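Numbered from 1 within each chain, the chains take letters A, B, ... in sequence-line order. All values derive from a computational prediction rather than experimental measurement.
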There are 2 protein chains.
Amino acid sequence: MPKTQPPRPRKVENPRKPFERHVPGIRYGMLDDVVGYAIRRAQIAIYEEFDRELLPLKITPPRFSSLLLIENNPGLTQTQLAELIGVVRSGMVALIDFFEAEGWVRRDGKAGDRRAYHLRLTSKGAAHLAVAKSRVAALEDRWSSRLTPAEKRKLLALLDKVGPPGA
Amino acid sequence: MPKTQPPRPRKVENPRKPFERHVPGIRYGMLDDVVGYAIRRAQIAIYEEFDRELLPLKITPPRFSSLLLIENNPGLTQTQLAELIGVVRSGMVALIDFFEAEGWVRRDGKAGDRRAYHLRLTSKGAAHLAVAKSRVAALEDRWSSRLTPAEKRKLLALLDKVGPPGA
DNA sequence: TATTGTTATACTCTATAACTATA
DNA sequence: TATAGTTATAGAGTATAACAATA
């Protein structure tokens with residue numbers, strides 16, 4: 001009996017090239033002097049690698065910072081955490097739901113106020129976060145490989161001063 | 001005849017507080033040493049103001065950089081522009097459609113290749129971009145108000161070196 | 001066979017508004 | 001009357017996959 005032709009493997013379109021910050025021959029105009037664009041460029045480059053290393057752990061940037069803030073400030077409420085990372089309360093619900101489903105975070109009742117929860121890491125969550133932290137630390141080392149420790153400190157300090165004076 | 005009670009103005013919930021980068025009393029753990037998070041913090045603070053100043057002009061960050069790249073490199077194709085700003089081709093279509101609908105950008109036929117377009121600013125687009133540029137420049141001045149010119153140059157140079165060595 | 005622009009589609013984020021149960 | 005968490009919903013933004021016209 002005639003063998004059916006297996007479907008020819010479709011050529012993968014859009015083999016996403018890694019983002020290139022300064023393409024030779026392109027004139028960027030004032031973009032090269034705009035802090036906001038320099039930040040955007042650096043962020044694209046950084047997030048690409050963050051996703052590649054941490055998505056297998058189901059960790060995204062907002063998840064990472066949320067878990068870290070819960071670890072360092074046990075008992076935070078959802079509203080407090082939402083303000084800390086700059087999202088609205090309703091957006092925090094799905095995030096904590098996910099953490100709970102993974103068994104990483106507990107919603108503990110708050111004594112004296114039955115509306116609110118205290119957020120705490122479970123031991124499983126703490127162990128998972130430890131793995132994530134070491135990967136992030138490794139990424140940081142790689143990212144900073146072209147910076148001296150003094151330059152990195154300088155960069156952090158300068159970033160902290162950028163933006164509207166009040167922030 | 002009895003006047004109908006006008007609906008009592010509902011209290012606005014979620015009066016969005018401006019993002020605060022370092023909340024007193026909160027422990028940020030290793031987040032304070034992570035370049036990626038420092039960048040994220042600065043970006044949130046910066047984009048809030050960008051939106052407030054530029055959205056009335058219908059300008060968003062990707063629109064701004066796209067228009068600027070078209071101005072400085074007239075004749076770019078959509079695929080080239082998409083790669084420059086780090087989005088896929090299909091995402092560029094809606095962006096250019098919008099520019100065309102506003103009358104800011106023309107799709108010129110490419111001689112010798114009827115598949116592609118050369119993108120160019122219209123005079124209306126150039127004029128609009130000029131206004132946007134001056135507002136962005138003003139924002140830059142405000143954002144950099146706490147940085148000396150030398151510090152700003154240093155920041156741009158350091159941001160350029162952050163990330164995977166190849167980028 | 002490859003490429004340009006396009007469409008269709010879906011998924012993630014995140015926002016607003018309204019609801020509930022508490023306070 | 002206000003607040004914590006929640007739900008419903010909608011709008012950006014951006015991704016993948018497939019397609020037509022063209023190379």
(request) Please list, chain by chain and in numerical order, all residues satisfying side-chain contact (heavy atoms from CB on, under 4.5 Å) with R52(B), sequence neighbours excluded. (result) E49(B)

(request) Please report, rounded to the nearest Å, how far the C1' atom of dA15(D) is from the CG atom of L95(B). (result) 16 Å

(request) Could you name each residue pair satisfying salt bridge (Lys or Arg N to Asp or Glu O under 4.0 Å) that touches residues 23-36 of chain A, not counting sequence neighbours? (result) D32(A)-R41(A)

(message) Among residues 98-119 of chain A, which ones have heavy-atom contacts with DNA chain D below 4.0 Å?
(response) R107(A), R115(A), A116(A), Y117(A)

(message) Output the rounded distance in Å from CZ (R89(B)) to P (dA8(C)).
(response) 17 Å

(request) Whole angstrom is fine here: how far is it from CZ in R40(A) over to C1' in dT14(D)? (result) 11 Å

(message) Distance criterion of 3.5 Å, no angle test: do you see the side chain of S90(A) paired donor-to-acceptor with the base of dT14(C)?
(response) no

(message) Please classify the nucleic acid contact of V87(A) as base, sugar-phosphate, or nothing, using heavy-atom distances under 4.0 Å.
(response) sugar-phosphate

(request) For E48(A) and dT14(D), give me the distance from atom CD to atom P, rounded to whole Å. (result) 13 Å

(request) Identify the heavy atoms of L84(A) and F19(B) that sit nearest to each other, and give their distance. (result) O-CE1, 3.3 Å

(request) Under 4.0 Å from any atom of DNA chain D, heavy atoms only: list the residues of residues 58-79 of chain B that qualify, in numerical order. (result) none

(request) For E140(A), enumerate each residue passing the salt bridge (charged side-chain N to carboxylate O under 4.0 Å, His left out) test, keeping only those at least two apart in sequence or located in another chain. (result) K152(A)

(request) Hey, could you give me each pair passing salt bridge (Lys or Arg N to Asp or Glu O under 4.0 Å) that has a residue in residues 73-84 of chain B? Not counting sequence neighbours. (result) K17(A)-E83(B)

(request) Specify the separation, in whole Å, of atom CD1 of I85(B) and atom C1' of dA15(D). (result) 14 Å

(request) With sequence neighbours left out, write down each residue that passes side-chain contact (heavy atoms from CB on, under 4.5 Å) with K133(B), or none if nothing qualifies. (result) M30(A), F64(B), L68(B), E71(B), L129(B)

(request) Spell out, as yes or no, whether a donor-acceptor pair under 3.5 Å connects the side chain of R63(B) to the backbone of K58(B). (result) yes

(message) The criterion is side-chain contact (heavy atoms from CB on, under 4.5 Å); which residues satisfy it with V131(B), sequence neighbours excluded?
(response) L57(B), R135(B)

(request) To the nearest Å, give me how far apart CG (D97(B)) and P (dG5(C)) are. (result) 12 Å

(request) Find the distance E83(B):CD to dT14(D):C1' and express it as a whole number of Å. (result) 16 Å

(request) Just grab all the salt bridge (Lys or Arg N to Asp or Glu O under 4.0 Å) pairs involving residues 115-125 of chain A, residues at least two apart or on different chains. (result) D108(A)-R120(A), D113(A)-R115(A)

